[in-house]
Amino acid sequence: MLSILCRYGELFLKSGNRGFFLRAMADNVRRAVRDLPDAKVSTPYGRILVRVPDELREDACARLERVFGLVSLSPGVEAEPEIAAITATAVSEARAAIARRPELGRSFKVEARRANKQFPTRSHDINCHVGGAVKDALGLPVDVHKPGLRLGIEVHASTAYVFAEIRPAPGGLPVGVSGRGLLLLSGGIDSPVAGWLAAKRGLALEALTFHSPPFTGERAKDKVVSLLRVLSRWQVASTLRVAHFTDTQQRLREAGPADLAVVLYRRMMVRVASLLCERTRCSAIVTGENLGQVASQTLPNMATIEQAARHLVLRPLLTYDKMETVALARHIGTYETSSLPYEDCCSLFTPAHPATAATLAEVEVAEAKLDVAKEANEIAANCERIVV
Ligand code: ATP
Ligand code: MG
C-alpha cells in the first residue's frame, strides 16, 4: 500500500476551531478518494493520511492535488519505527523514485524528523545512518543544498513515514468551512473561475444557470453541465439549477428601452438567485463580474443590479485582467469548454450599445410594467435540478 501524507495550512487552525477545520478537511479528502478501490483515510497524529494500492498512485495524487486546504502531499510508504526498517525502506523508496524520475538521480539529501522524542536515534543521526546506506546502495552523492532527491522521514510512536516526493496542493481553506454560496454559472470563461476562487476560500457552492430555450439550445445547457463536471472535481459545486428564462426575458426586453436590457436581465437573475439562496441555505451570490470588462459591468450598473439582490454579492474576479482569468481557467480545466461557441441567454437580444450607467429609477419604470416578484418566484419554483 501507498501512504500519502497530506499537509494542510496551519494558519487557519489557530482560531480555536481546530477540530472543526480538521474534520472538514478530512471529510473533503475522503470525498475526493471515496470511489477509489480500497482507499482509506485516517487522521493519525493530527495529519491526514490516505492509503491506496500502489497502482493508484497517480490517480489518488491527482485528486488530492485538487482538494482546497491541503498545501502539499507526500506519497510514500510506512515502516516499523525502528532504524533498520526505516533505512531499508528509505533505500527502496529512493530507488523507486529514481526509476520514476531518472533526472532526480544526481544527488540526494535525507530530511528526518523525530516527532516521537522517545525514539532513540536523533534526527541528525537518522540522516547520517540512512544517508550512508542510500549512498552505498545507489552510489549517489549527498548534496544538502540542491539535492536531486529529497528523502523525507517522519518517525512517530507506532509508525514511520518514508517519502521521496513533496507535491504542491492548492492551499486555501477546506470547502464548506466558510459557509454556503450560490454561483451564477454561465457558459463563459469567468463564472467557473469565480466559483473556483470562492470555493478555494472555503465556500461550498451550488450553481444556478439561466437558459432561454429555444433561443439557447441544448448544447448551451450541456456546456454548463460540462463546466460543472470539471468544477465538481475540485469540489467547487456538483448541483446545478437550470432556470427557464425565455418568457420573462422577452417581457423584460419589451418593458424597457433596449439599452437597459442587460441590466434588467441581470436584476432578474439576482432576484431569482436570492430566492434560491433562501431555499438552499446560501448566504451569498457569487458572480464572474469583472470591473469594466463589458458595458454591463460598470460600477453604476453593478450597483443597480445588486439592489435587486437580498444577499451579499461576491465578485471574486472583480479586479482580474482577462489574461489572469484565462490562465486560471486553463489551470482549473474549464477553458476549453468555456471557449466552445454556444451562446448563453445574455447574448440574446443584447443591444449594440448597452447603457453604461443604468439608474435604479430608470429600471424601476421598466420593471413596473410586469410583476417582477411573481415572475422571479415562478422561475425559482420551476428550476430543473441536475446533480453530477
Ligand atoms: P462569464 O464568462 O462568466 O459569462 P462574462 O464576462 O461573459 O462572464 P457576463 O456575460 O456579462 O460576463 O456575465 C456576468 C456574470 O453574470 C457572469 O459571470 C455570471 O456570473 C452571470 N451570468 C451571466 N449569464 C448567466 C447565465 N446565463 N446564467 C447564470 N449566470 C449568468
Ligand atoms: Mg457571459
Side-chain angles (χ1 to χ4, degrees), residues 181-198 205-213 215-217 219-225 227-228 230-231 236-237 239-246 248-249 252 261-274 276-277 282 284-298 301-302 304-306 308-309 311 313-326 328-330 332 334-351 354-356 358 376 379-380 383-384 386:
L182 184 65
L183 171 65
L184 286 183
L185 183 62
S186 72
I189 292 171
D190 297 340
S191 45
V193 177
W196 186 88
L197 286 168
L205 298 177
E206 300 215 354
L208 168 63
T209 193
F210 288 82
H211 186 52
S212 291
F215 305 105
T216 55
R219 285 194 298 184
K221 188 165 111 187
D222 293 346
K223 182 179 167 183
V224 179
V225 175
L227 290 172
L228 185 74
V230 178
L231 292 177
V236 173
T239 304
L240 173 69
R241 285 186 173 72
V242 183
H244 291 272
F245 202 27
T246 320
T248 298
Q249 205 177 1
L252 284 169
V262 176
V263 173
L264 290 171
Y265 303 159
R266 283 294 141 69
R267 280 172 56 85
M268 184 57 76
M269 286 183 178
V270 298
R271 220 175 257 125
V272 173
S274 268
L276 288 172
C277 277
C282 289
I285 298 167
V286 179
T287 80
E289 286 168 308
N290 175 266
L291 191 54
Q293 188 181 83
V294 290
S296 63
Q297 298 177 20
T298 59
N301 281 352
M302 281 194 270
T304 301
I305 292 166
E306 183 165 304
H311 292 78
V313 179
L314 300 178
R315 302 176 181 86
L317 293 179
L318 190 75
T319 60
Y320 276 49
D321 284 348
K322 196 71 187 185
M323 271 167 52
E324 296 170 309
T325 304
V326 165
L328 261 183
R330 288 187 197 280
I332 298 165
T334 50
Y335 183 75
E336 263 188 26
T337 305
S338 289
S339 305
L340 294 172
Y342 319 117
E343 297 285 272
D344 84 41
C345 64
C346 279
S347 340
L348 290 178
F349 327 121
T350 302
T356 52
I379 295 172
C383 286
E384 175 190 351
I386 297 173

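Atoms within each ligand, like the ligands themselves, are counted from 1 in listed order. All values reported here derive from a predicted model rather than from experimental measurement.
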Give the atoms of ligand 1, by number and element, whose distance to some non-hydrogen atom of [X] is under 4.0 Å.
X	value
Ile189	2 (O)
Gly288	17 (C), 18 (O), 20 (O)
Gln297	6 (O), 9 (P), 11 (O), 12 (O), 13 (O), 14 (C)
Gly188	1 (P), 2 (O), 4 (O)
Thr209	28 (N), 29 (C)
Thr287	20 (O)

Answer yes or no: is there a donor N or O on one side and an acceptor on the other, between the side chain of [X] and the main chain of [Y], under 3.5 Å?
X	Y	result
Ser191	Ser186	yes
Thr298	Thr356	yes
Asn290	Tyr320	yes

Nearest candidate to [atom], where distance is taken over non-hydrogen atoms, out of [options]:
atom	options	answer
atom 19 (C) of ligand 1	Thr334, Thr325, Leu184, Val262	Leu184
atom 16 (O) of ligand 1	Arg315, Arg266, Met269	Arg266
atom 2 (O) of ligand 1	Asp190, Val286, Leu185	Asp190

Electrostatic pair Arg266-Glu306, nearest N-O below 4.0 angstrom: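 Salt bridge flag = no for Glu306 with Arg266.
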Glu336 atom CD, neighbour heavy-atom count above 12 within 6.0 Å: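 Not buried by this count: 12 neighbours or fewer within 6.0 Å.
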Within-shell test, Leu208 vs ligand 1, heavy atom, strictly < 4.0 Å: yes
